[in-house]
2 protein chains.
Amino acid sequence: MSRNTREDVVQAAGRLFAERGYHGTSMRDLGRELGLLGSSLYSHVAGKQELLVEVVERGAALFQASADAALAVEGSGAVKLRAFVTGHIDVVLGHLDEARTFLNEARSVEADYRRRVLAARDRYETSLRTLLAAGVGDGSFRPDLDPKLGGIFVLSILNALDRWYDESGEVGRSQLGEEIFGFVMQGLT
Amino acid sequence: MSRNTREDVVQAAGRLFAERGYHGTSMRDLGRELGLLGSSLYSHVAGKQELLVEVVERGAALFQASADAALAVEGSGAVKLRAFVTGHIDVVLGHLDEARTFLNEARSVEADYRRRVLAARDRYETSLRTLLAAGVGDGSFRPDLDPKLGGIFVLSILNALDRWYDESGEVGRSQLGEEIFGFVMQGLT
DNA sequence: CCTACCGATCGGTAGG
DNA sequence: CCTACCGATCGGTAGG
């Protein structure tokens, strides 16, 4: 029953934003989640919007780190794509709240930070496009592949994961990775 | 400058719910959109939640009608899948507000109607699974295809459309259909 | 982290 | 569809 830290507040905010959305979460809801009053949160953070920005940026950083690691993997475009896919899955399933908030609540980020969020998303997409284009060059993918459209299809499948995947279900995390990788490889080859 | 009808109210609600989310839209916002006061809306509808339920159910009905039509198409599983894909695209692009509200705001539907919404989504997914299973039977798809997972992948790509597709861009609607159909066919075959 | 608030806004109603 | 409200809740602050 010790005091909450700022970190506790940010994590609880991520949980509620992911679950009910930014506008569906009040500071009093968040306080209740931590066993304190809404007004007490202001000794940890400047405001509600600051919490959203922090959670969203954490999500963005996790995804980008995963993409950077995939691009740095030695091997063909196909090998890098496998790393990208499994990395993305690990981010979504290992940091569900940050991932969902980044993917679904970015529109509630106010103007000042909106650009940064959009830039982060663009950068992540561009990383995948670069990967796909390199893979066209090394023969991993079909020569007429449009990296932009291909990247969108891959990300569409990956970004929908949080909506249906049940970690306690039949399909394990590594099998999931193989299934998605196999499926998109067919479409890219 | 004539009076607004109930239909105007429902459509404007769909617009705002799709754009800002249910909890991000106030009745006063909605009134402003129509040139009247928030309180005046109550002569057209019983409440805010009623508007959400109506828009969500319209979205559900549009998707289901499209799926039913695809299943009724004569031909192989592949032919039906093409109809399913193009039908889904037409619903998303032709009824963007209802589609987005159905896809993204269902969680804000309160308990009484939540089951109906989830049932509608399940039914739509089941339609696609049935289609895929039939296609396995007639040799359209690979014999070891898991219709459940395959359906999820197809819907993941289709449901992400509203997040990126720009009707005024380079890729036309029919080309989009061919691109998506071609991509998923590779993965299913 | 609580007490005790603040002004603003929320969904909604009564009566015309 | 407006006027004139209602109680509840919102994000947030001052002071301890």
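Please read these numbers as outputs of a predicted model, since none were measured by experiment. By convention in this document, chain letters (A, B, ...) are assigned in the order of the sequence lines, proteins followed by strands, and residues within each chain are numbered from 1. When reading the values below, keep in mind they use all heavy atoms of this one structure, side chains included, and skip hydrogens, waters and symmetry mates.
- Computed from coordinates, the A:R3 CZ to C:dC2 P distance equals 8 Å when rounded to whole Å.
- The six-membered or imidazole ring of B:F181 lies away from that of B:F84, with a centre-to-centre distance of 6.0 Å or more.
- Side-chain contact annotation: B:N159 with B:H88, donor-acceptor N/O pair under 3.5 Å present.
- Note: CG (B:L41) to C1' (C:dG12) measures 11 Å, nearest angstrom.
- D:dC10 atom P lies 12 Å from atom CG of A:L16, rounded to whole Å.
- Each of A:G38 and B:S39 has a nearest nucleotide on DNA chain D; the 5'-most of these lies closest to B:S39.
- Rounded to whole Å, the distance from OH on A:Y42 to C1' on C:dC1 is 15 Å.
- As judged by a 4.0 angstrom heavy-atom cut-off over every strand, A:S26 is placed among residues touching the sugar-phosphate backbone only.
- Within the nucleic acid shown, B:L36 comes within 4.0 Å of sugar-phosphate atoms alone, with no base atom in reach, counting heavy atoms only.
- Remark: P of D:dC1 and CE of B:M27 are 13 Å apart, rounded to the nearest angstrom.
- The separation between A:H44 atom NE2 and D:dG11 atom C1' is 18 Å, rounded to whole Å.
- Residue contacts shown for B:H23 are absent, as no nucleic acid heavy atom lies under 4.0 Å away.
- Regarding A:R28, its CZ atom lies at a distance of 14 Å from the P atom of C:dT3, rounded to whole Å.
- In this structure, the side chain of A:K148 does not engage the main chain of A:T126 through any donor-acceptor pair within 3.5 Å.
- One interatomic measurement links the two molecules: CG of B:L37 to P of C:dC10, which rounds to 13 Å at whole-angstrom precision.
- Pairs of Watson-Crick or G-U wobble type, with distances under 3.5 Å, assemble into runs of 3 or more in DNA chain C at these ranges: C:1-16 with D:1-16.
- Close to C:dC2, at under 4.0 Å from its OP1 or OP2, lies a side-chain N or O of A:S40.
- Under a 3.5 Å cut-off, the side chain of B:R114 and the backbone N or O of B:V109 do form a donor-acceptor pair.
- Between the B:S156 side chain and the B:I152 main chain, a donor and an acceptor come within less than 3.5 Å of each other.
- Between the side chain of A:D8 and the backbone N or O of A:T5 there is at least one donor-acceptor pair closer than 3.5 Å.
- No side-chain heavy atom of B:V53 sits under 4.5 Å from any side-chain heavy atom of B:V117.
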